[in-house]
Each structure stands twice: as structure tokens, then as C-alpha cells.
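Only one structure is covered here, and it is reproduced in the block below.
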Amino acid sequence: MVNSVTGQYGQYGQHDVYAAQCPCRAMLDLLANKWSALVIGALEPGPQRFGELQRRLQGVSSKVLTQTLRRLEDAALLTRTVYPAVPLHVEYALTELGHGAAVPLRLLRTWVEGTVDGDGPQVSPQSQP
């Protein structure tokens, strides 16, 4: 967010993700993670339970989903709400920050789905750096 008095971003001044010490790098790393991007997209319509997320995100293990949800919660991109019930009812929901991150990630997902279909470039795991 731009400070209206100083014209600078956040408490660190102008951010530059290309600079080694830029605090933005940790957020960029988190959002560039495949499972983080997919979890954020899956939560866009509204809160969901762990099992719902795991069914939606085909191929994710319980361990990786748990780690991803914890990282997103630590970064204030989502909230975890526990409802007292037997068994426990836990829901995950995007925060305002998470909804903000969802916008460019949705555009990226849409671009990828449109590009990989048909005659677009095909990316295989072996061709990635």
C-alpha cells in the first residue's frame, strides 16, 4: 500500500522483488507455489473444509495440503476457523489480502488453461529448469 504522505510502499519504502533482500520475495515464493495458487483459487467461492479442498485439488497429499494451508495462514492470506463440534469442524477462508492475491492468480490460471489447450505450447516436467 502506498503511504499518502511519503509516497512509499509499506514500511520498507519502494519494493523491488529483484533485490536479494526485498521482503516481497517471501510472498512471491509462496504465491508462485502451485498448491498455494490452487488453494487460493479453490477458496475464492467461499469457505471450505479440509476434505472439500483435498477433493477439489486432485493429486495433493494430506501432508502437502496441511503445510500449504499453514503457510497461507501464516502469511495472512487465509483464516482457519474451528467450530466446536464432534468431530471438529474446521473451515478455511480467504482474508481480504487473500482475495486480493486471488485476482492475478485467477488471470494466470485462465491464461494457462487457454494456452495449454489446443495448439499452445506443451510443458512437460522434464522441460522445466
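Inter-residue side-chain proximity for L69 and R80 is flagged as unmet; no heavy-atom pair is nearer than 4.5 Å.
The distance from the CG atom of L72 to the CD atom of Q67 is 12.0 Å, given to the nearest 0.5 Å. How far CZ of R109 is from CG of L38: 7.0 Å, rounded to the nearest 0.5 Å. For the atom pair CD (Q21) and CG (D16), the distance works out to 12.0 Å, reported to the nearest 0.5 Å. Taking CD of E113 as the reference point, atom OG1 of T110 lies at 6.0 Å (rounded to 0.5 Å).
In terms of hydrophobic clustering, with Ile, Leu, Val, Met, Phe, Trp and Tyr side chains grouped at heavy-atom distances under 4.5 Å, V17 and M27 are assigned to different clusters. By the criterion of side-chain heavy atoms lying less than 4.5 angstrom apart, applied directly or through intervening Ile, Leu, Val, Met, Phe, Trp or Tyr residues, V39 is not grouped with L28; the two fall into different hydrophobic clusters. A continuous path of hydrophobic side-chain contacts links I40 to L97 [ILVMFWY only; heavy atoms under 4.5 Å]. Follow the hydrophobic side-chain contacts under 4.5 Å out from W111 and you reach V116 in the same cluster. Note on V82: it clusters hydrophobically with L78, by side-chain heavy-atom contacts below 4.5 Å among ILVMFWY residues.
Contact between L43 and Y92 at its shortest, heavy atoms only, is CD2-O, 3.3 Å. When all heavy atoms of F50 and T66 are compared, the pair lying nearest together is CE1-OG1, 3.5 Å. P23 and H15 make their closest contact through CG-CE1, 3.8 Å (heavy atoms, listed as atom of the first residue, atom of the second, distance). Taking each heavy atom of E91 and P47 in turn, the nearest pair found is OE1-CB, 3.6 Å. The shortest non-hydrogen separation linking V60 to V64 is CG2-CG1, 3.8 Å.
Residues passing the ring-ring contact (aromatic ring centres under 6.0 Å, His included) test with Y18, sequence neighbours excluded: none.
One N or O on the side chain of S36 and one on the backbone of L30 form a donor-acceptor pair closer than 3.5 Å. Side chain of E52 to main chain of R49: a donor-acceptor pair is present (N/O by atom type, distance under 3.5 Å, no hydrogens or angles). With hydrogens and angles ignored, the 3.5 Å screen pairs a side-chain donor or acceptor of T95 with a backbone N or O of L77.
Using a 3.5 Å distance cut-off with no hydrogens or angles, the side chains of S62 and Q54 do pair a donor with an acceptor.
Enclosure of atom CZ in R106 by more than 12 non-hydrogen atoms of other residues, nucleotides or ligands within 6.0 angstrom is indicated.
At a threshold of 4.0 Å, the pair D29-R71 counts as salt-bridged, since one of the basic side-chain nitrogens sits closer than that to a carboxylate oxygen.
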